[in-house]
Amino acid sequence: MSKGYIANEAGSFAKWDSAIDRSAALSRRLTARGRESLSRAQVWAHIAAPSTKVSHSFGDEMGGHPRRPRWAAGSAVALGGLACVVAASFRSLLIDPRSAVRSAADRWIRFAAPPSKTLASTVALDASAFLAFPAVVEMLDLKGVAAADLYDYVPRELTATFRNSGAEIEGAIGRSALGGWVALSLSFGNKASYVVVVDYASGNLTAVAPTYGKILAQKGLRGYVDATNTYGPRGLKVYNASSLLVALGANANKGPRAIWNFVEDTWTILCDGGSNDAHDLQLSYDGSQLWQADGRTVTKKFSAADGSELAEFQMTDIADPNHVQLVEEDKYAFVSSRQTDGIVRVHVATGDVVYTIGGEYGDFEIFDAAGRKWKKGTSLWVGQHNAEYFGDDEFCLFDNQEASASSTLNASRLLCLRLDEAEGTATVTFEKVLDSYTPHFGDNDRLPSGNQLGVSWPKTFSTDDQYDVRAIEVVRSTGDLAWQMDVVGVKCDDASGTCDRGVDGVGWTSYSIERFYAAPIVSNATCDKASGVVRFDAVNNFKQNNVAPATYAVSAAAGTDKPYATGDFDFKVHWRQTPVAVDLGAGKAKGTLVVTVTNEWGDMAAQSVTCA
């Protein structure tokens with residue numbers, strides 16, 4: 001087995017030959033990029049008044065102290081001397097995924113939470129956490145931002161809170177659920193936009209990418225973006241453990257598609273820089289094409305290399321599609337039709353509608369969380385975003401409850417339902433009504449732990465609970481919050497005690513959120529001494545719409561001998577757990593063994609098991 005990286009069952013990550021401290025390594029990497037004057041950065045540091053506080057949820061402060069940004073006085077990190085790293089061609093991505101976006105495979109370990117880290121209840125970061133990234137400061141300079149307007153361009157605060165015990169977070173996959181990252185899009189109108197990666201366990205910012213044209217040009221997209229545009233990241237998918245697939249929208253919500261390697265902070269253009277609607281994007285089954293809707297009635301397949309149009313299907317009974325999900329090797333698509341309140345299954349080759357769930361064209365009776373029946377043609381959810389199929393006949397969506405005569409709530413919600421096509425019914429399996437109404441945008445994903453991850457922004461909020469964007473992880477069985485992250489913008493002091501941001505959302509908003517890990521997750525390993533059978537469950541780093549190849553090895557705990565057994569299997573689709581059984585034979589199932597799983601990227605995970 002080649003040298004690589006292992007994620008163990010405690011959720012920590014260790015390189016076989018050495019462990020690299022995340023913050024120190026990142027600081028060294030930034031320092032190496034140049035050593036020029038930082039006078040402007042020092043000004044921003046003073047304005048932001050940097051500090052970091054870690055508190056228990058009941059409020060007593062565990063620690064609060066000024067935190068010096070890496071680029072403050074005395075630091076050698078330069079802004080003007082940033083090297084422009086030219087990413088490899090997309091062809092190299094297709095031929096060998098370990099090149100280009102995978103080129104930093106020996107460095108992503110920097111971003112793992114330390115193995116012995118204790119999870120604090122609350123971690124609060126102020127604007128200096130964003131200003132610690134040189135590209136953010138450079139964007140402020142390029143835009144000529146005045147000090148009084150800082151929080152229109154950088155969030156005032158980001159707070160991450162664990163609101164439940166570890167068992168609720170671990171769910172079906174154990175302590176490994178505490179690792180990895182959360183990626184989300186952030187936009188303040190046309191002023192500033194970012195793709196942000198947050199370390200889940202620590203609440204710290206791992207990577208921040210301003211999606212301003214001049215910055216994007218420096219990072220690999222020169223010639224493909226308008227330098228004067230601020231591109232709102234809309235469609236967001238995980239490409240692999242170090243990269244994200246992003247649809248960038250500017251004028252009329254159209255723009256280029258690209259891959260952001262958040263480890264190297266470089267961008268690789270797709271489709272030769274061609275522009276399309278930015279609501280969503282998805283790589284084809286073989287990875288060489290890209291599927292996108294035009295925002296109206298047509299979904300097209302483009303060559304990821306040169307942007308040529310290779311196929312399309314017309315969509316009937318659909319209006320304002322904001323999510324198109326290709327499944328079953330691109331034979332079918334699920335389309336989230338916002339203005340008809342429907343989830344539409346389409347046969348890709350013909351464009352024929354197979355069925356519609358919900359809304360005016362709905363083919364099924366729907367039973368809500370209270371057991372009430374909604375007739376065909378009625379709308380239980382209204383103006384939804386990011387409706388997505390998650391396997392086992394279950395769909396999850398962000399129900400905006402867009403203000404209209406058909407809206408039944410005064411707030412938005414996370415919603416999941418299970419389809420029984422034979423019975424002609426769909427039944428709500430999960431509902432979390434939020435404390436606020438989100439007119440548009442929003443996301444709701446099922447996690448491999450069994451919890452739900454959602455993101456929203458409030459049209460109105462109380463001056464006692466101010467936030468612009470809120471991401472939450474919800475325990476499905478109880479509806480309790482396991483984790484919460486708030487992005488806070490300009491402070492509101494309205495005398496009424498309520499601040500109204502309007503339907504367009506003055507301040508920070510978010511369209512998409514994704515959860516992913518540095519390596520696959522192995523859990524629930526057992527070893528039966530009598531039968532010689534080892535069983536375990538496995539999921540890949542991130543959700544995928546098609547099966548993905550993997551290999552396993554079962555070895556002695558010492559790891560020095562030849563594995564007792566090796567083999568291959570496919571990860572189940574839609575981030576569902578894959579059960580695997582390995583028959584070692586008589587006499588081999590004894591003592592402590594190690595099960596190792598490796599995915600197509602070479603990312604490895606291991607769990608030990610004692611035979612009994």
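What you see below is based on every heavy atom in this structure, not just the backbone, and it leaves out hydrogens, waters and symmetry mates.
Note: T578 OG1 to I521 CD1 = 12.0 Å, rounded to the nearest 0.5 Å. Q452 CD to C396 SG: the interatomic distance, rounded to the nearest 0.5 Å, is 4.0 Å. From W575, atom CH2 reaches atom CG of N545 across 12.5 Å, with rounding to the nearest 0.5 Å. Note that the CG atom of D399 and the CZ atom of R413 stand 4.5 Å from one another [nearest 0.5 Å]. Note that OG of S242 is 8.0 Å distant from CH2 of W601, once rounded to the nearest 0.5 Å. Put simply, CH2 on W267 and CD1 on I259 are 10.5 Å apart, with the number rounded to the nearest 0.5 Å.
Within the 6.0 Å centre-distance limit, the rings of W181 and F262 are counted as a close aromatic pair. A ring-centre distance under 6.0 Å is found for Y355 and F364.
Residues passing the side-chain contact (heavy atoms from CB on, under 4.5 Å) test with A387, sequence neighbours excluded: S336, I343, Q384, L397. For E365, the salt bridge (Lys or Arg N to Asp or Glu O under 4.0 Å) partners two or more places apart in sequence, or in a different chain, are K373.
Ring planes of F395 and Y389: tilted class, angle from 30 to 60°. Aromatic ring orientation, F130 versus Y194: tilted (interplanar angle from 30° to 60°).
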Notebook entry, point to check: Yes or no on side-chain hydrogen bond (donor to acceptor under 3.5 Å, both in side chains) for D199 and N204, after CA distance, side-chain angles and deciding distance?
Noted result: CA-CA 5 Å; D199 183 287; N204 290 321; over 6 Å; no
Item checked: Derivation of the side-chain contact (heavy atoms from CB on, under 4.5 Å) call for L481 and V474 -> CA-CA 5 Å; L481 295 187; V474 185; 3.9 Å; yes
Note to self: Set out, in order, the CA-CA distance, both residues' side-chain angles and the distance that settles side-chain contact (heavy atoms from CB on, under 4.5 Å) for R234 and F441, then state yes or no.
What the structure shows: CA-CA 9 Å; R234 297 290 185 262; F441 297 175; 3.7 Å; yes
Next item on the list: Given side-chain contact (heavy atoms from CB on, under 4.5 Å), test S510 with S185 step by step and report yes or no.
Entry: CA-CA 5 Å; S510 180; S185 59; 3.7 Å; yes
Notebook entry, point to check: Run the side-chain contact (heavy atoms from CB on, under 4.5 Å) check on C416 and R476 step by step: do they pass?
Noted result: CA-CA 10 Å; C416 297; R476 283 184 62 142; 4.1 Å; yes
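With F334 as the fixed residue, the side-chain contact (heavy atoms from CB on, under 4.5 Å) test singles out one of V327, I357, V346: V327. Between Y200 and the options F162, F516, Y517, a ring pair (Phe, Tyr, Trp, His ring centres under 6.0 Å) holds for only F162.
Screening residues 236-246 for salt bridge (charged side-chain N to carboxylate O under 4.0 Å, His left out) gives K237-D280 as the qualifying pairs, with residues at least two apart or on separate chains. The salt bridge (charged side-chain N to carboxylate O under 4.0 Å, His left out) analysis of residues 323-334, with sequence neighbours excluded, yields the pairs E328-R345. Under the salt bridge (charged side-chain N to carboxylate O under 4.0 Å, His left out) criterion, the residue pairs touching residues 570-596 are D392-R576, E394-R576, with sequence neighbours excluded. Sorted by first and then second residue, the pairs that involve residues 514-531 and meet salt bridge (charged side-chain N to carboxylate O under 4.0 Å, His left out), not counting sequence neighbours, are E514-K543.
Side chain of E600 to main chain of A550: no donor-acceptor pair is present (N/O by atom type, distance under 3.5 Å, no hydrogens or angles). No donor-acceptor pair closer than 3.5 Å links the side chain of T592 to the backbone N or O of T610. Checked by atom type and distance alone, the side chain of K432 never pairs as donor or acceptor with a backbone atom of L414 at under 3.5 Å. The main-chain N or O of R163 is never found under 3.5 Å from a side-chain atom of T161 such that the two would form a donor-acceptor pair. The backbone N or O of R446 sits nowhere less than 3.5 Å from a side-chain atom of N451 that would complete a donor-acceptor pair. In this structure a side-chain-to-backbone donor-acceptor pair under 3.5 Å is missing from S449 to G171. Proximity of a side-chain donor or acceptor of Q577 to a complementary backbone N or O of A172 within less than 3.5 Å is detected.
In this structure, the side chains of M485 and L184 come closer than 4.5 Å at one or more pairs of heavy atoms. Under the 4.5 Å side-chain criterion, counting only non-hydrogen atoms from C-beta, S555 is not in contact with Y564. By the 4.5 Å heavy-atom criterion applied to side chains, V123 and T159 are not counted as neighbours. Here the side chains of V533 and L584 are not in contact, with every heavy-atom distance at 4.5 Å or above. Between Y511 and D443, every side-chain heavy-atom pair lies at or beyond the 4.5 Å cut-off. Within the 4.5 Å cutoff, side-chain heavy atoms of W483 are placed close to those of L453. T268 has its side chain out of reach of N261: every pair of non-hydrogen atoms, C-beta onward, lies at least 4.5 Å apart. Residues L245 and L283 form a side-chain contact, since some pair of their non-hydrogen atoms from C-beta on lies under 4.5 Å apart.
Remark: the N386 side chain and the N444 side chain contain no N/O donor-acceptor pair separated by less than 3.5 Å. Between the side chains of D486 and Q484, at least one donor N or O lies within less than 3.5 Å of an accepting N or O. A side-chain N or O of N599 and one of N540 form a donor-acceptor pair less than 3.5 Å apart. A donor atom on one side chain and an acceptor atom on the other are not found under 3.5 Å apart for N541 and N240.
Residue Y285 places its OH atom among 12 or fewer non-hydrogen atoms of other residues, nucleotides or ligands, all under 6.0 Å distant. More than 12 heavy atoms of other residues, nucleotides or ligands sit less than 6.0 Å from atom CG of D393.
Closest heavy-atom contact between A519 and D603: CA-CB, 4.0 Å. Scanning all heavy atoms of the two residues, the minimum distance from V595 to V534 falls at CG2-CG1, 3.9 Å. Closest approach of A247 and Q292 over heavy atoms only: CB-NE2, 4.0 Å. Of all the heavy atoms in A556 and L593, the pair that sits closest is CA-CD2, 4.3 Å. Nearest heavy-atom pair, A589 versus C527, reported as atom, atom and distance to 0.1 Å: CB-SG, 3.7 Å. Contact record, L178 with A201: O-CB, 3.4 Å, taken as the closest heavy-atom pair.
At a threshold of 4.0 Å, the pair K219-D265 counts as salt-bridged, since one of the basic side-chain nitrogens sits closer than that to a carboxylate oxygen.
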